[in-house]
Amino acid sequence: MTLPTILFALLITLFYGALYHLIRGGGFWRLFLYFSLSILGFIAGHLFGIWRGWSFIPLGALNFGLSSLGSILFLLVGDWLSRIEVPQGSKV
């Protein structure tokens, strides 16, 4: 992958994270979480597509479709897991 492709992928992932933050809300740390989850999901989706040999909406060297699906999946699952509240105190 070339540097412009990597920068374009980073721009897209940050856009996905910011858009998700706009929809779901939260503070600065929640925004940082969404950015991180979006980047990790984008990378995971791209690598999964390379590993399986699948190409869905290729954009140059970037497997844009699977990368976007990975990013959205990581955002949804990560947000859901981050909102689980642990009960305080023991019931014993």
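Nothing here was measured: the structure is a model prediction, and the numbers come from that model. The basis for the numbers below is simple: all heavy atoms, side chains too, and nothing from hydrogens, waters or symmetry mates.
- Among residues two or more places apart in sequence or in another chain, the salt bridge (charged side-chain N to carboxylate O under 4.0 Å, His left out) test is passed with Arg52 by none.
- For residues 8-18, no residue pair satisfies the salt bridge (Lys or Arg N to Asp or Glu O under 4.0 Å) rule, not counting sequence neighbours.
- Not a single donor-acceptor pair under 3.5 Å links the side chain of His46 to the backbone N or O of Leu62.
- Evaluation of the ring pair (Phe, Tyr, Trp, His ring centres under 6.0 Å) rule for Tyr20 yields Tyr34 as partners, not counting sequence neighbours.
- The distance from the CZ atom of Phe35 to the CG atom of Leu40 is 13.5 Å, given to the nearest 0.5 Å.
- Listed by chain and number, the residues in a side chain to side chain contact (heavy atoms under 4.5 Å, CB included) with Leu11 amount to none (sequence neighbours excluded).
- Remark: Ser36 pairs with no residue by the side-chain hydrogen bond (donor to acceptor under 3.5 Å, both in side chains) rule, at least two apart or across chains.
- A salt bridge (Lys or Arg N to Asp or Glu O under 4.0 Å) check over residues 23-42, counting only residues at least two apart or in different chains, returns the pairs Arg24-Asp79, Arg30-Asp79.
- For Ile43, the side chain to side chain contact (heavy atoms under 4.5 Å, CB included) partners at least two apart in sequence or on another chain are Ile39, Leu47.
- Through side-chain heavy atoms spaced under 4.5 Å, either directly or across other Ile, Leu, Val, Met, Phe, Trp or Tyr residues, Trp29 is tied to Phe28, Phe32.
- With sequence neighbours left out, Ser55 forms a side-chain hydrogen bond (donor to acceptor under 3.5 Å, both in side chains) with no residue at all.
- A ring-ring contact (aromatic ring centres under 6.0 Å, His included) check over residues 52-86, counting only residues at least two apart or in different chains, returns the pairs Phe48-Trp54.
- Hydrophobic clustering, with ILVMFWY side chains joined whenever heavy atoms are under 4.5 angstrom apart, keeps Leu19 apart from Leu31.
- The hydrophobic clustering, which links ILVMFWY residues whose side-chain heavy atoms are closer than 4.5 Å, places Ile6 and Phe8 together.
- In this structure, Val77 is not a member of the same hydrophobic cluster as Ile72, with clusters built from ILVMFWY side-chain heavy atoms closer than 4.5 Å.
- Grouping the Ile, Leu, Val, Met, Phe, Trp and Tyr side chains by contacts below 4.5 angstrom, directly or via other members, places Leu76 with Leu66.
- Annotation: side-chain hydrogen bond (donor to acceptor under 3.5 Å, both in side chains) contacts of Ser71 (sequence neighbours excluded): Ser38.
- Looking at every heavy atom in both residues, Tyr16 comes nearest to Ser68 through OH-OG, 2.8 Å.
- When hydrophobic clusters are built by joining Ile, Leu, Val, Met, Phe, Trp and Tyr residues whose side-chain heavy atoms come closer than 4.5 Å, directly or via intermediates, Leu14 is not grouped with Leu22.
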